[in-house]
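Here is how names work: the chains are called A, B, and so on, in the same order as the sequence lines, proteins then strands, and each is numbered from 1. Side chains are part of it too, since the values below use all heavy atoms of this structure and drop only hydrogens, waters and symmetry mates.
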Protein chains: 2
Amino acid sequence: MFSKTCEHAIKAIIFVTKQTLEGKRASLKTIAFGIESPEAYTAKILQLLVKNEFIFSIKGAAGGFETDLNKMKKLSLMRVVEVFDGDSIANRCVLGLKTCSSRNPCPFHDKYAPVRARLVCILENTSIMDLALGLIAGKTSLKE
Amino acid sequence: MFSKTCEHAIKAIIFVTKQTLEGKRASLKTIAFGIESPEAYTAKILQLLVKNEFIFSIKGAAGGFETDLNKMKKLSLMRVVEVFDGDSIANRCVLGLKTCSSRNPCPFHDKYAPVRARLVCILENTSIMDLALGLIAGKTSLKE
DNA sequence: GTTAAATCGGACAAAAATATCCGATTTAAT
DNA sequence: ATTAAATCGGATATTTTTGTCCGATTTAAC
């Protein structure tokens with residue numbers, strides 16, 4: 001559903017938010033270990049999260065990454081997904097047709113449309129904070 | 001959602017079913033043109049469809065591909081997807097965790113589970129014949 | 001100021017997915 | 001039997017995605 005890059009990004013921002021909630025600054029190493037993703041690749045993804053102002057970084061000794069908790073309450077999963085995977089979740093035809101729409105639908109369009117609408121709705125109404133809180137509560141996990 | 005290979009496969013089997021409904025045998029060329037997919041790649045995919053007994057091929061001059069219409073009434077989209085993409089649609093964790101399940105969920109698992117269940121239900125209850133009939137009725141399209 | 005821990009950014013590498021090529025084989029039509 | 005249209009199957013090529021490397025830069029701590 002999401003690209004691997006997007007998966008890493010989602011896990012990373014949830015992890016950093018969790019750390020911030022716990023009063024800890026998260027280093028690249030800690031993050032990569034915490035979400036079981038390759039360190040170098042994770043570094044690249046964190047840079048993108050910083051560039052998009054989803055998280056911020058502190059350079060120098062004892063530096064790392066943090067989030068703005070109030071921002072995370074408002075930031076939807078949808079916004080993060082859009083940055084990494086564009087609008088493919090919401091718009092791309094499941095059979096790959098360029099011009100597929102309700103006016104010119106592919107054979108599966110009408111059956112899939114309500115599922116997609118529901119998915120988009122959930123993505124828009126789920127905040128990163130929601131996901132981080134579930135993690136802190138021990139109800140969910142980012143690792144095997 | 002589906003791999004490109006799976007997309008081509010779905011379009012191909014719908015197209016062949018439409019042709020069979022119209023009393024025409026479909027050649028590779030006709031199919032590739034009709035679903036706007038690369039000819040050589042489509043040939044490969046048709047072979048897989050044949051091997052899985054979703055369609056059958058007639059060799060020699062004036063040969064091509066056909067489907068068993070009664071079979072297409074019963075064949076669900078889900079079965080086709082499973083052959084090409086495995087059970088990833090129904091089971092793979094959206095964040096890529098190996099052991100994600102309702103017992104050990106990733107942060108998004110519980111929110112996504114009902115959407116996935118609905119999707120699987122629709123895939124299982126949509127037959128290839130359903131999709132081919134929509135195409136014949138001119139309500140849907142396989143090309144831009 | 002020096003040091004060391006950390007991010008930053010661009011080039012590069014590996015792996016997976018997508019797609020092509022081409023000769024071999026089959027077989028319907030004549 | 002011959003021909004020609006078509007599938008079959010394995011090797012290969014291209015493209016995209018995923019992931020790595022490494023030197024440059026920043027900056028907090030001492």
Among [options], which nucleotide has an atom closest to any side-chain atom of [X]?
X     : options                : result
A:K44 : D:dT27, C:dA11, D:dG19 : C:dA11
A:K4  : C:dG9, D:dT18, D:dC8   : D:dT18
A:H8  : C:dC8, C:dA19, D:dG19  : D:dG19
B:K51 : D:dG9, C:dG9, C:dC8    : D:dG9
A:K59 : D:dG9, C:dT7, C:dT18   : C:dT7
A:Y41 : D:dT18, C:dG9, C:dA19  : D:dT18

Check whether more than 12 heavy atoms from other residues, nucleotides or ligands sit under 6.0 Å from atom [atom1] of [X], and answer yes or no.
X      : atom1 : value
B:E53  : CD    : no
B:R79  : CZ    : no
A:K143 : NZ    : yes

Looking at DNA chain D, which of residues 21-28 of chain A put a heavy atom within less than 4.0 Å of it?
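Contacting residues: none.
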Under 3.5 Å side-chain donor-acceptor pair for [X] and [Y]:
X     : Y     : value
A:E66 : A:T20 : no
A:T42 : A:S37 : yes
A:D85 : A:S88 : no

Whole-Å distance separating the [atom1] atom of [X] from the [atom2] atom of [N]:
X     : N      : atom1 : atom2 : value
B:I45 : D:dG9  : CD1   : C1'   : 15 Å
B:E7  : C:dA19 : CD    : P     : 9 Å
A:N52 : C:dC8  : CG    : P     : 13 Å
A:Q47 : C:dG10 : CD    : P     : 9 Å
B:L46 : C:dT20 : CG    : P     : 14 Å
B:F65 : C:dT26 : CZ    : C1'   : 13 Å
A:F84 : D:dT16 : CZ    : C1'   : 18 Å
A:I55 : C:dT7  : CD1   : P     : 10 Å

I want to check one thing: is the phosphate of C:dA17, taken as OP1 and OP2, less than 4.0 Å away from some side-chain N or O of B:S3?
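The answer is no; no side-chain N or O of B:S3 sits under 4.0 Å from OP1 or OP2.
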Search all heavy atoms of B:T17 against all heavy atoms of B:A132 and return the closest pair with its distance.
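So the minimum-distance heavy-atom pair works out to CG2-CB, 3.6 Å.
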A:A61 or A:S57, whichever maps to the more 5' nucleotide of DNA chain C:
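With A:A61 and A:S57 compared, the 5'-side residue is A:A61.
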Let me know, please, whether B:I31 or A:I58 comes out on the 5' side of the other along DNA chain D by nearest nucleotide.
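First, find each residue's nearest nucleotide; the 5'-ward one identifies B:I31.
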Could you give the distance from CD1 (A:I122) to CD (A:E124), rounded to the nearest 0.5 Å?
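Reported value, rounded in 0.5 Å steps: 11.0 Å.
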Does B:G60 reach a base, just sugar-phosphate, or nothing at all? Heavy atoms under 4.0 Å.
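Base contact.
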